[in-house]
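Since we're looking at a predicted model, the values are computed, not measured.
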Amino acid sequence: AGKIFHHTVGNNPPENWHDYQRLVFRDNPNAKQDKSQYPFTETAGDPPGFPFAGITLYSKEVDWGALPKPESEFDDARAAQFGIDFLKKKQDTPFFLACGIFRPHMPWYFPEKYLDLYPLNEVFVPEDLPEDLDDIPEAGQKLGLRKYEDMKKTRDAGKWPTAIQHYLASISFADAQVGRLLDALDASSYGDNTVIVLWSDHGWHLGEKQHWHKRTLWDEATRVPLIVVAPNTGRSGQKCVQPASLVDVFPTLIDLCGLDKISGQQLDGISLKPWLVNPDKPRQRAAITVDENTHMSARDTQYRYIRYNDGTEEFYDHQTDPDEWTNLIHQTRFSSIIKGLASQLPNSPAPIGRFWTDFEFNPFTYSWIDKESGETITGR
């Protein structure tokens, strides 16, 4: 249920699951979907009170506010309830349950009680450092300034602390839904023999480096939560500071579930089980991020190295500069470290896969038309 592959309509083909509950977007004024399930289509108009934030930014989904309705009616509560209902049933075979909590993706909508957790006068606002981009290559500046107008408009309207307050409340709302799922798992007969993996797809800039979005190569956008719980593996509450990547999730699950490796297929990731058993075990392999422009970064326990597609570079020492304010790429004392991280980046990345814009999706028939070949692909 919920946001699994993505939230955009057509990105969760029904045939991938025995049972799937579509993300309804009852609260998203920018949603486009089957009018029988998605009340706020392009022709249905905006919900009363929109924009709740009091300002309009680049998209209608960039909004925030506490909505006056029961928590059970929010999309994420419904996604969690799908998982809870599943766990209450008797399952005769091993199962894979995916529950995609949409928040803290925008719009930041939630019940009022989560906003009460964060008094506005206690909200931390990042330092406003316009000069932070001065030592960054042009390609990096373009990424940083891509949503600068949203940042400037929010700041100039005096809503910077308020926006961050709603972001934090949105996270707590998501946490509460995860908590409901975990409570249901503990109350079920599967609590002692189920592997749990919790992760996020990306981070978010709240003004750091003048940016108000994702899609950068800095830590703020690429560092995410990654929690693994496996029966009889490791200790509760232990932490591992070694680098890891989301491509490691699949081989980790194969390993923890005792499944056979896929014959003839070379995986990009590696199993994290050794680090669940011993979180202090060194890992020489960096975490690699490649964006749609083939800009790349490599992150180890202390350093981040960035190489843009024009060959320009950045380098940060997180031990002395956790906010990545000072680009040390020209400091010769780091030459060997930079060379080692750079050597882990792919020299010739694979071609970018086909994107959703290559297909025309029909929400009424749940089918796709390949714009290149004209072929129709129909969901179940």
Quiz question: by atom type and distance under 3.5 Å, do the side chains of [X] and [Y] form a donor-acceptor pair?
X      : Y      : value
Tyr316 : Gln302 : no
Asp300 : Gln284 : no
Trp212 : Glu149 : no
Arg78  : Gln81  : no
Thr294 : Tyr308 : no
Gln344 : Tyr305 : no

Worksheet item: Given Tyr58, which of Arg146, His213, Lys153 fulfils the side chain to side chain donor-acceptor pair (under 3.5 Å) condition?
Response: His213
Worksheet entry | Sole candidate of His202, Arg304, Arg299 that passes side chain to side chain donor-acceptor pair (under 3.5 Å) when paired with Thr222 | Arg304
Item to complete: Kindly compute the distance separating NE2 (His295) from CG (Asp310), expressed to the nearest 0.5 Å.
Response: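 CG of Asp310 is found 7.0 Å from NE2 of His295.
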Worksheet entry | From CG (Leu182) to CG (Leu87), nearest 0.5 Å |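 Nearest 0.5 Å value for the CG-CG distance: 10.0 Å.
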Side-chain donor/acceptor of [X] to backbone N/O of [Y], under 3.5 Å:
X      : Y      : result
Ser170 : His166 : no
Gln177 : Phe173 : yes
Gln210 : Leu133 : no
Thr252 : Leu272 : yes
Asn327 : Ile329 : yes
Lys3   : Cys99  : no

Discussion item. Test of understanding: clusters of I, L, V, M, F, W, Y form through side-chain heavy atoms closer than 4.5 Å, transitively. Do Leu246 and Leu253 belong to the same one?
Written reply: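 Yes: a chain of side-chain contacts under 4.5 Å links Leu246 to Leu253.
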Heavy atoms, side chains only, cut-off 4.5 Å: are [X] and [Y] in contact?
X      : Y      : answer
Lys214 : Thr216 : no
Thr162 : Gln165 : yes
Leu256 : Leu276 : yes
Ile164 : Val125 : yes

Fill in: Tyr190 vs Phe95, ring-ring contact (aromatic ring centres under 6.0 Å, His included): CA-CA, chis, key distance, verdict
CA-CA 10 Å; Tyr190 318 114; Phe95 59 80; 5.3 Å; yes
Worksheet entry | NZ/NE/NH1/NH2 to OD/OE distance under 4.0 Å, Arg333 and Asp317 |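 Salt bridge absent between Arg333 and Asp317.
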Worksheet item: Would you call the rings of Phe52 and Phe50 parallel, tilted or perpendicular, where under 30° means parallel and over 60° means perpendicular?
Response: perpendicular
Item to complete: Return the orientation label for the Phe315 and Phe334 ring planes: parallel under 30°, perpendicular over 60°, tilted otherwise.
Response: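 Judged by the thresholds at 30° and 60°, the geometry between Phe315 and Phe334 is tilted.
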Worksheet entry | Of Asp19, Leu97, Leu181, the residue whose pairing with Phe86 passes side chain to side chain contact (heavy atoms under 4.5 Å, CB included) |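 For Phe86, the side chain to side chain contact (heavy atoms under 4.5 Å, CB included) check succeeds only for Leu97.
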Worksheet item: Excluding sequence neighbours, so at least two apart, what forms side chain to side chain contact (heavy atoms under 4.5 Å, CB included) with Glu220?
Response: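 Side chain to side chain contact (heavy atoms under 4.5 Å, CB included) list for Glu220, sorted by chain: His205, Glu208.
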